[in-house]
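Got a structure for you, questions after.
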Amino acid sequence: MLRKLPSVEAVLQSELIAALTDRYSRPLVVSAVREAVAGERNRIMEGGRTEVSSTAEIAGLVTEILEAKMRRSMRRVVNATGVVLHTNLGRALLAASAVEALAEAATHYTNLEYDLARGKRSTREIHVERLVRDLTGAEACHVVNNNAGAVLLALNSLAEGREVVVSRGELVEIGGSFRLPEVMAKSGSKLVEVGTTNRTTARDYEQAIGKDTAVLLKVHKSNFKMTGFVSEVSLEELVEMGRRKKVLVMEDLGSGAMIDFSLLGLPGEPVVADRVALGVSAVTFSCDKLLGGPQAGLIVGEKGPVKRMKENPLSRALRVDKLSMAALEATLLEILSGPRVRQTMPSVRMIAETAEEVRKRSESLVGRLGPVSDALSVTIVEGISQVGGGALPGADLKTWLISVTSASLDENAIESALREGPVPVVARIGKGAVYLDLRTVLTEEEPVVVDALRRVADVARRKR
Ligand SMILES: *Cc1c(COP(=O)(O)O)cnc(C)c1O
């Protein structure tokens, strides 16, 4: 049988395959043919064949392999986890105006680094500098790829070969391998830890300051909360100390809210403008967290220190691309247009949605499921959504969840079935049930969730 199996060469020369090279690159077709022939050979060796496949049958296999290879790996999903700024699912969704700006920059030439008034070379940051100043009150700003890059660049520019004093309570890990001490080491600055995990005092900082101290660094505890016997030194006190001792003070703010989320009844996440007003030399934060923009990192602060960052050769390596820059400018304009951000910025809208609104949408969606009760038990229960993305760690956003259980499928089987459709639905697994939180599901995505739940019901029926 092996001898009768068509060779790779023979399959490649068949007319059926020749037609494929119009649609796919030749090396891809060759590798798919090799894969198909090898697969057939294995099946023969394992005794799984009574007859050798024809060239036409192998060509059919090749087509399937090629189609699978050409499917995009990165696909849209429905986020039913209730985590608004879910890092693994891409963090903030952009406002429509940001998407428009991004698409325009992608499909046309732009004045990215070109001064149209003078017909001369310019900088790409000019497009956001004024907006950032208006929003934060800072003298200067610099944009890089992400906040990790911003911290790296800031420390390298201000403290290479010198000491940076940080409280032991703020040596954080953000997840996805951002560990502050490791980033500091790569910046070439020397970490001087002060205080203890739960308590750090002004005296701890003062005693650590020496002739080699370049920066006092404060780090926002983005993804955890410490309660009990705790104390930390405020940024205000650090700024005062920095002035007295002639060392710079910098803050890694993480999420960087531009609007005051306490107006939405949420516990205060520090607002960038308030931190800048305290007189800090530099503040760094992400643009795709609470800010609601594309992936980027912003550094705002005093002219002198920011200039040193701009002139650092690392800046070029951390340079933000034109698509992100376009989306960032549009996002900042959106924020400057005031209260309408509650409608126009998806992440703000999601955070601001009341539990009552989520409950109504959930009930209406369950009402549209049709007959599934023979296979699934679908109810609506109270729960908590998370902002995520290292923002508002203590903020418990009350919500309502669609709870799904089944007599024939356990929670893991339900959750994975939800992920198997043409548009995967990512949900939360709880004790004995799967929970869907519509806070992070767009209204136009609800039919996808309905289809997914009907499919889970089919799976459950087949399992009975
Ligand atoms: C999220 C976060 C970072 C990393 O920001 P990226 O934009 O993901 O690179 C750094 N520091 C803090 C405190 C954060 O919350």
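Just follow the structure's listing: the first ligand is 1, and inside any ligand the first atom is 1.
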Practice item. Starting from atom 9 (O) of ligand 1, find the nearest protein heavy-atom neighbour and note its residue, name and distance. Key: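 That would be A148 N, 2.9 Å.
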Review point. Hey, are R361 and E446 close enough for a salt bridge, meaning a charged N less than 4.0 Å from a carboxylate O?
Key: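 Here R361 pairs with E446 in a salt bridge, since their nearest N and O are under 4.0 Å apart.
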Revision key, fill the gap. Here the atoms of ligand 1 under 4.0 Å from any heavy atom belonging to F178 are 10 (C), 11 (N)
Review point. Is it the side chain, the backbone, both or neither of R91 that has a heavy atom closer than 4.0 Å to ligand 1?
Key: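 It is the side chain that gets close, since no backbone atom is under 4.0 Å.
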Exercise for review: Taking the side chain as every heavy atom from C-beta outward, state whether E353 and S385 have any pair of such atoms under 4.5 Å apart.
Suggested key: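 In short, these two side chains do not touch, never coming nearer than 4.5 Å.
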Exercise for review: Provide the number and element of each atom of ligand 1 under 4.0 Å from a heavy atom of D252.
Suggested key: 10 (C), 11 (N), 12 (C), 13 (C)
**Study point:** Under 4.0 Å to a heavy atom of H220 - the qualifying atoms of ligand 1, by number
**Key:** 13 (C)
Practice item. Answer yes or no: does an N/O atom from V151 fall short of 3.5 Å to an N/O atom of ligand 1? Key: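 For ligand 1, there is no N or O atom that lies under 3.5 Å from one belonging to V151.
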Review point. Is E139 atom CD crowded by more than 12 heavy atoms from other residues, nucleotides or ligands, each under 6.0 Å away?
Key: yes
Practice item. Identify the two heavy atoms, one from V425 and one from A452, that lie closest to each other, and give their separation to 0.1 Å. Key: CG2-CB, 3.7 Å
Point to revise | Presence of salt bridge, D451 and R455, under 4.0 angstrom | key: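 No, this pair does not count.
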**Study point:** H142-E125 side chain donor-acceptor pair, cut-off 3.5 Å
**Key:**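 The criterion, which ignores hydrogens and geometry beyond distance, is satisfied for E125 and H142.
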Point to revise | Atoms of ligand 1 close to K289 [distance to a heavy atom under 4.0 angstrom, numbered from 1] | key: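 Within the 4.0 Å cut-off of K289, ligand 1 contributes 1 (C), 2 (C), 3 (C), 5 (O), 14 (C), 15 (O).
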Review point. Have T354 and E357 got a donor and an acceptor in their side chains that come within less than 3.5 Å?
Key: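 Yes.
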Practice item. Determine the minimum heavy-atom distance between S97 and A330, stating which atoms define it. Key: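 Smallest interatomic distance, heavy atoms only, reads O-CB, 3.7 Å.
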Check your understanding: Considering only the protein, which heavy-atom contact is closest to atom 13 (C) of ligand 1, and what is its distance?
Key -> S222 OG, 3.2 Å
Check your understanding: When you look at CD of Q386, are more than 12 heavy atoms from neighbouring residues, nucleotides or ligands closer to it than 6.0 Å?
Key -> no
Review point. With backbone taken as N, CA, C and O and side chain as the heavy atoms from C-beta onward, which portion of I174 lies under 4.0 Å from ligand 1: side chain, backbone, both, or neither?
Key: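 The side chain, only.
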Practice item. Measure Q295 to ligand 1 on non-hydrogen atoms and call it side chain, backbone, both or neither using the 4.0 Å cut-off. Key: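 Under 4.0 Å from ligand 1, Q295 contributes no heavy atoms.
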Exercise for review: Report the nearest protein non-hydrogen atom to atom 7 (O) of ligand 1: residue, atom name, distance rounded to 0.1 Å.
Suggested key: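 In this structure, atom 7 (O) of ligand 1 has S286 OG, 2.6 Å as its nearest protein heavy atom.
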Check your understanding: Can you find an N or O of N147 that's nearer than 3.5 Å to an N or O of ligand 1?
Key -> yes
Check your understanding: When only distance counts, is S255 in polar contact with ligand 1, meaning an N/O pair under 3.5 Å?
Key ->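 For ligand 1, there is no N or O atom that lies under 3.5 Å from one belonging to S255.
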Point to revise | Which of the ligand 1 atoms, numbered from 1, are nearer than 4.0 Å to a heavy atom of G254 | key: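 Answer for ligand 1: 12 (C), 13 (C), 14 (C), 15 (O).
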